[in-house]
Structures are given as structure tokens and as C-alpha cells.
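Working notes, structure below.
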Amino acid sequence: MTGRLTNREVISLLEKIAILLEIKGENRFKIIAYKRAAENIASLGIELDQLREEELRDIPGIGEAIAAKIHEFLETGKLEYYEKLTAEIPESLLSLAELPEMGPKRVRSVWADLGITNLQSLEEAARKGLLRHLEGFGPRLEDKLLSGIEKTREKKISGRIPLGKAWEVAHDLLAALGKHEKVLKISPAGSLRRMQETIGDIDLLVASSEPSSVMTFVASLPQVEDTILQGKTKTSVRLKSGLQVDVRVMDPSSWGTALQYFTGNQEHNVQIREWALKRGFSLSEYSLGNVSTGEELFFNNEDSLYVFLDLVYIPPELRQGRDEIELASKGKLPDLVVMDDIKGDLQCHTQWSDGRNSLGDMVKGAMKRGLEYLLITDHSHALGIAGGVSSADLENQGKEIDELNASLKGSFRVLKGVEVEVLSDGILDLDEKVLKNLDLVVAAVHSSLRQDRERITERILRVLDNPFVDILAHPTGRLLSNREGADADWERVFAKAAEKDVLMEINASPKRLDLPDRLARRALEKGCRFVISTDAHATDQMDFMHLGVGIARRAGLSSSEIANCWSLERLMEWKKTRLSS
DNA sequence: GCCGTTTTCGGCCCGACTGTTTTCAGTCG
């Protein structure tokens with residue numbers, strides 16, 4: 001056995017195989033199979049190295065051949081098939097395939113005809129004007145490739161951005177577009193609408209009978225750097241921030257099919273179109289065509305389209321190309337939590353530690369957002385960087401909270417809490433006699449996240465065994481596109497959390513989104529219950545709640561499983577029974 | 001290479017846009 005391999009490494013291997021096979025010119029369905037397998041692993045809530053080879057085959061899209069390859073790779077750290085493949089097709093061609101406009105055919109072409117195997121030699125050939133002589137190439141493409149190479153070097157082609165950031169950008173664009181008089185309807189689409197944790201580009205769908213006018217307007221917006229492409233119904237622009245925005249304009253009569261198509265994901269769309277075909281209908285973004293009669297059916301909303309196809313409406317967050325169509329056909333989709341279900345926020349910070357606003361302001365912020373209760377959870381003192389509170393501070397804060405509650409006369413309830421630091425051995429930073437006086441206790445790991453799996457797992461399990469801990473904050477500790485989460489054995493963590501009824505947090509901070517949806521789904525399967533918390537360090541950050549709700553919906557969570565959807569009475573009753581058990 | 005409410009073999013979504021063409025291939029989603 002070599003060092004452990006993560007799912008990420010298996011996904012990367014399968015993706016590389018797919019691209020190499022494309023360059024090789026293999027059967028395209030074989031290529032799709034590798035890509036599908038990689039995608040399905042990406043949304044898996046369990047580490048592959050915890051599964052036996054037979055169990056790998058239970059993952060959709062993974063059959064005998066790919067299971068055997070994954071198994072070999074996990075066991076030996078190598079894959080003979082891959083080594084043979086790269087002996088035939090140079091691995092360095094993968095870097096060419098990452099360039100915009102360079103797909104497998106063109107990569108093969110420059111390699112086979114000009115012997116080009118890396119970015120430098122491609123750039124040289126383009127500068128010398130050698131590429132334009134290849135079949136299907138020309139001067140325009142040569143220019144595009146050169147600028148693509150340059151942008152890649154300058155890292156100007158932005159990678160995926162966090163969901164929260166994408167919503168900020170989209171919000172402005174939607175507002176601007178909404179003012180255009182020819183815009184009849186407008187909606188976010190794509191991964192943004194599906195609330196995926198990171199977003200590659202922003203997709204917007206517009207209904208209008210004058211597409212060209214709308215698209216010209218889009219290209220003229222002040223945030224736009226340049227127009228990547230513009231056709232009759234579709235335009236893509238790059239913003240000054242580097243982010244790409246795709247706008248598709250459709251006739252309002254096609255709104256239902258168009259929004260369905262443009263929301264995806266790709267795999268869900270493939271499945272829904274196959275599902276429609278089995279029923280004799282061909283689905284496109286324009287309409288649903290009856291294959292035998294040629295009759296076209298139009299849907300002005302998504303709901304009626306799904307219902308026509310003998311399904312119930314599938315919320316965008318569940319359109320992941322998993323088992324959602326099968327569940328929808330049986331009416332077994334979960335009843336997903338919605339923003340209106342949220343009654344309180346169970347993690348926030350004030351000026352008592354590293355928050356920007358006073359306790360009173362945070363309470364006002366929560367009331368303004370229609371909440372009924374707010375748990376104050378300043379950091380405990382071990383987290384020096386955050387100016388954490390001592391037990392004496394907590395006592396004084398408690399008095400402030402009592403006074404606030406007295407003045408609020410029951411219209412809102414401020415709850416006493418803390419985000420208590422978990423030390424490296426799993427011991428808490430505050431005494432039990434302090435913790436037991438609080439309404440709810442949130443425990444969090446902020447340090448030594450890089451401990452090996454056994455050690456960090458034992459550490460978290462010890463926290464879950466502590467009878468005073470009610471909530472485990474941001475369980476993995478990851479920071480999106482910045483820091484990987486802890487490598488804990490989540491199967492054991494979730495089993496223990498379910499046993500002890502410690503609530504798993506879905507932290508809605510755009511930097512975190514933790515638990516991630518794939519792990520939250522797994523936790524749900526293990527019987528866990530949850531909270532969705534903003535972790536607000538200022539009043540405006542209380543608006544992060546919708547991001548957390550999006551992640552929860554992707555995980556298939558209902559309000560009954562989320563403690564801050566409960567009434568205050570039920571929440572406090574729950575706490576009481578925990579203390580007495 | 002995967003998969004099964006037409007199938008264990010023969011299928012495996014559908015269209016926009018660009019640059020190269022002179023009717024289309026390649027890329028992208």
C-alpha cells in the first residue's frame with residue numbers, strides 16, 4: 001500500500017484518460033463513460049478507498065472495467081492501462097487540450113502533423129504561421145490560440161469562483177438587465193441556479209422577442225471587458241473581473257423548455273432527454289416534439305414540462321444527473337427546505353470577539369430578516385487570532401443578553417452560546433461548568449486540521465461524545481478554493497453524530513459552505529440532523545443564509561431535519577432532553 | 001465502457017456559434 005489516494009486524484013486520472021482517449025480517436029461513448037464516472041465520483045460523499053471493488057460498482061456509471069482500474073490505482077498508486085496509454089499518446093498533450101478552442105481533434109492534428117506536444121512549441125508554430133496550413137485551421141484560429149496561450153500564462157482565464165461571489169456578480173447583472181424594456185423575463189441558470197458550490201461561468205436566461213437588442217445591451221454593460229461570441233440568440237462576454245457570462249435569449253413561449261435546458265446539469269439534461277425519447281418525445285430548448293406526429297408542444301414553465309413527462313417538478317438543486325429522475329417518477333423526491341422555513345441563526349459573532357457589529361446590532365439584523373431567535377457564538381479564548389472570549393467575558397455577555405431579552409419582551413429571543421475551540425487532542429477550551437450555563441454550545445476545529453485521518457477522526461469523535469456539545473461547526477474546516485478540509489473518516493463521524501444527536505452544521509459563509517453538499521447528503525443517509533448557520537461576523541453577512549439553504553437543498557434536506565427550522569420551543573425542548581439523557 | 005419498463009446486445013441528447021468551408025467539422029455547454 002502506498003500513501004492514501006483521494007477521490008480527487010481518482011477523478012483526475014479518469015478525466016485524463018477520457019481526454020487521451022478523445023485525442024486517440026476512441027469510441028465516443030467509451031469516453032463519455034470515463035467522464036461520467038469521474039463526475040459521479042465528484043458528488044460522492046464517501047472516500048473510494050473505504051469501498052471494496054464490488055462496492056465501487058454500485059456507484060452509477062462505474063462498471064466492471066472502471067471499477068477494476070480504480071481498485072488497481074488505489075491499491076498500487078499506479079494504473080498499467082494509463083501507462084500504456086501515455087506511452088502511445090504523450091501526456092503533455094493534456095495541457096494543449098485545456099486551451100480554449102483546442103479540442104481533441106485539433107490537438108491530434110497539431111501533434112500528428114507538426115509533432116507539437118507542448119504549449120511552447122504550439123506557440124512557436126502559431127507565431128510562425130505554421131498552424132494555418134493544417135486542415136480546418138486558419139489565421140483567425142491561430143490568433144485565438146495565441147491569445148489563449150497568453151491568457152493561460154497570465155492566469156487571466158479565471159478558474160471556478162465561489163457560489164457567493166457569483167451570486168453577487170449575477171445580482172448586479174440581473175438588476176441591470178431587468179431594466180431593459182425588451183426583457184420580459186429573466187432568470188439565473190446553469191450551476192448558479194443549481195447552487196453548485198463553485199461556478200465556472202454565469203449563465204443567464206432572458207425571455208424577449210427582440211434578442212439582438214438585448215444582446216447588444218449586454219455587451220455594452222460597464223462591467224463587460226470584451227465579447228467572446230455573439231450570435232442570434234446567444235452571447236458570451238468576459239467581465240473585467242475575468243468571469244465569463246453566457247446570456248441566452250429565447251422567445252417567451254419556450255421559457256419552460258429553455259430554462260430546463262439552460263439550467264442543466266448536462267448529465268441531467270441527457271437523462272431527461274433520454275427519458276422523453278422513451279415516451280416518444282424529442283426535447284430541445286425550444287419545444288417538446290412528438291417523434292411520430294412531428295407536433296411541437298410548448299411549455300411556458302418548467303413545472304408543466306416535468307409533469308407532462310410523468311415526473312414531479314425537480315428543483316434545480318437536485319438536477320445533478322444522479323437518481324433524481326427515478327425518484328421524481330415515483331414521487332419520492334425529498335420535500336426540500338426553503339428560505340421561509342428558517343426561523344433562527346445558530347452561529348454569529350459580535351464585537352465580543354472578532355465580529356464587526358455589536359451584539360445589539362446583530363440582534364436587530366436578525367429581526368430585520370424575519371428571524372425569531374439568534375444564538376450568539378463568539379469564539380472562545382484559545383483562538384487568539386479572533387480575540388476570543390474568556391469564561392468571565394461570557395458571564396458578562398450573558399448579562400447583556402438577559403437585558404436585551406427583557407427589553408424585547410418575547411418578540412424575539414437572543415440565545416447564549418459560544419463557538420468553543422477544540423484543542424488538538426479533542427478537549428474543549430472551556431470548562432463544562434461554563435458550557436452548561438449556555439443555551440447551546442457550538443464546537444469548532446480551527447487548528448491542526450492537517451492531522452492524519454486517525455488522529456483527527458478520534459479528535460472529532462471525542463467532541464461528539466462531549467454531552468455539552470450541541471452543534472459541530474463547519475465540520476471539515478475547508479476554505480473554498482483555498483484550503484482542503486480535514487481528512488477525517490466521515491463515515492465514523494456521521495455515525496457518532498447521529499448516535500449522539502449532535503447537529504452537523506452547514507456553514508453558509510461563502511468562504512466555507514461546510515459541510516459540502518456531498519457530505520451533507522451522506523450525513524443525512526447516516527441519520528444525522530443539521531443546522532444551517534451564517535457564521536455572520538457582521539449584520540450584512542446574515543444574508544448568506546440563502547447559500548446555506550442552497551447547499552442543504554442539494555443534499556436533499558427537509559426542514560424537519562434542520563434544527564433552526566424548528567420553533568424556539570422545540571429547539572429548547574430538544575436541548576433539555578439532551579442534557580437529561 | 002455502461003446499462004436494461006422495447007434490449008445481457010445495441011443502443012447511448014440536442015443545438016448554437018465560429019471559422020473553415022462551399023455544406024461542414026470542431027468546440028462548447
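Each chain gets a letter, A, B and so on, in the order the sequences are listed, and its residues count up from 1. Just so you know, these numbers use all the heavy atoms, side chains as well, and skip hydrogens, waters and symmetry mates.
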Please list every donor-acceptor pair under 3.5 Å in which a side-chain atom of residues 51-60 of chain A meets a protein atom from a residue at least two apart or in another chain.
| from | atom 1 | to | atom 2 | distance (Å) |
| --- | --- | --- | --- | --- |
| A:Arg52 | NE | A:Glu54 | OE1 | 3.2 |
| A:Glu55 | OE1 | A:Arg52 | N | 2.7 |

Quick one: label A:Ile272 by what it contacts on the DNA or RNA (base, sugar-phosphate, nothing), any heavy atom closer than 4.0 Å.
nothing
Name the nucleic acid region contacted by A:Ser236, choosing base, sugar-phosphate or nothing; use a 4.0 angstrom heavy-atom cut-off, strictly under.
nothing
Can you list everything that forms a side chain to side chain contact (heavy atoms under 4.5 Å, CB included) with A:Ala328? Sequence neighbours excluded, please.
A:Leu311, A:Val312, A:Ile314, A:Leu333
Mind running a 4.0 Å heavy-atom check of residues 287-320 of chain A against DNA chain B and sending the residues that fall below it, in number order?
none
If I pick the P atom on B:dT5 and the same atom on B:dG1, what distance separates them, to the nearest angstrom?
24 Å
Is the NZ atom of A:Lys35 crowded by more than 12 outside heavy atoms at less than 6.0 Å?
no
Can you check the A:Glu274 CD to B:dT5 P distance for me, whole Å?
13 Å
Closest to the A:Pro139 side chain: B:dT20, B:dC17, B:dG15?
B:dT20
Nearest of B:dG1, B:dC13, B:dC17 to any side-chain atom of A:Val270?
B:dC13
Could you state the CD1-C1' distance from A:Ile32 to B:dC3, rounded to the nearest angstrom?
14 Å
If I take atom CD in residue A:Glu142 and atom C1' in nucleotide B:dT20, what distance separates them, rounded to the nearest angstrom?
13 Å
Between B:dG26 and B:dT21, how far apart are the two C1' atoms, rounded to whole Å?
12 Å
Applying side chain to side chain contact (heavy atoms under 4.5 Å, CB included), name anything that partners A:Thr216, two or more places apart in sequence or on another chain.
A:Gln230
Residues pairing under side chain to side chain donor-acceptor pair (under 3.5 Å) where one sits in residues 200-212 of chain A, two or more places apart or in two chains, turn out to be A:Lys182-A:Glu210
For A:Ser284 and B:dA16, is the shortest distance between a side-chain N/O and OP1 or OP2 below 4.0 Å?
no
If the threshold is 4.0 Å, N to carboxylate O, is there a salt bridge linking A:Asp487 and A:Arg4?
yes
Gap in Å between the two P atoms, one belonging to B:dT20 and one to B:dT27, rounded
13 Å
Assign each of A:Leu21 and A:Gln230 the nucleotide of DNA chain B bearing its closest heavy atom; nearer the 5' end lies the nucleotide of A:Leu21
On a whole-Å scale, what distance lies between the P atoms belonging to B:dC13 and B:dC17?
22 Å
When you measure from the side-chain N and O atoms of A:Ser282 to the phosphate of B:dC14, is any distance below 4.0 Å, counting only OP1 and OP2?
yes
Inter-nucleotide P distance (B:dC3, B:dT8), Å rounded:
16 Å
Taking the same atom, P, in B:dT18 and in B:dC12, what whole-Å distance lies between them?
30 Å
Atom CZ of A:Arg279 and atom P of B:dC13: how far apart are they, to the nearest Å?
16 Å
In whole Å, what is the span from the CD1 atom of A:Ile59 to the C1' atom of B:dC2?
14 Å
Atom pairs and distances, side-chain donor-acceptor, residues 100-111 of chain A, under 3.5 Å, sequence neighbours left out:
| from | atom 1 | to | atom 2 | distance (Å) |
| --- | --- | --- | --- | --- |
| A:Arg106 | NH1 | A:Glu101 | O | 2.8 |
| A:Arg108 | NH1 | A:Ile23 | O | 3.1 |

Applying the Watson-Crick and G-U wobble criteria at under 3.5 Å, what pairs with B:dT8? Answer none if nothing qualifies.
none
Nearest-nucleotide pick for A:Leu277, side chain only, options being B:dC13, B:dG1, B:dC17:
B:dC13
Just by distance, no angles: are the side chains of A:Gln120 and A:Glu124 close enough, under 3.5 Å, to form a donor-acceptor pair?
no
Spell out protein contact along nucleotides 21-29 of chain B as letters: B when the base is contacted, S when just the sugar-phosphate is, - when no protein heavy atom is under 4.0 Å; keep the 5' to 3' order.
-----SSSB
Would you mind reading off the distance between A:Trp275 atom CH2 and B:dC12 atom C1', rounded to a whole angstrom?
17 Å
Under a 4.0 Å heavy-atom cutoff, the residues of residues 36-57 of chain A touching DNA chain B are none
Round to a whole Å and report the spacing from CG of A:Leu79 to P of B:dG1.
11 Å
ring-ring contact (aromatic ring centres under 6.0 Å, His included) contacts in which one or both residues fall within residues 258-289 of chain A, not counting sequence neighbours:
A:Phe281-A:Phe308
In chain order, what residues pass the side-chain hydrogen bond (donor to acceptor under 3.5 Å, both in side chains) check against A:Arg322, with sequence neighbours excluded?
A:Ser43
Atom NZ of A:Lys35 to atom C1' of B:dC12: distance rounded to whole Å?
15 Å
Pairwise 5' ranking along DNA chain B for A:Lys144 and A:Arg28, keeping only the more 5' one:
A:Arg28
Using the C1' atom in both, what is the distance from B:dT6 to B:dG11, to the nearest Å?
11 Å
When you check the side-chain N and O atoms of A:Ser558 and A:Asp335, is any donor under 3.5 Å from an acceptor?
no
Can you tell me which residue pairs pass the side chain to side chain donor-acceptor pair (under 3.5 Å) test with a partner in residues 133-144 of chain A, sequence neighbours excluded?
A:Arg132-A:Glu142
Of the nucleotides B:dT20, B:dG15, B:dT18, which one has an atom closest to the side chain of A:Arg140?
B:dT20
Distance test, side-chain N/O of A:Tyr34 to OP1/OP2 of B:dC2, below 4.0 Å:
no
Whole-angstrom distance between B:dG10 and B:dA16, as gauged at atom C1'
30 Å
If the threshold is 4.0 Å, N to carboxylate O, is there a salt bridge linking A:Glu123 and A:Arg153?
yes
Looking at residues at least two apart in the chain, or sitting in another chain, which of them share a ring pair (Phe, Tyr, Trp, His ring centres under 6.0 Å) with A:Tyr82?
none
Nearest to side-chain heavy atoms of A:Lys232, which nucleotide of B:dG15, B:dC17, B:dT20
B:dC17
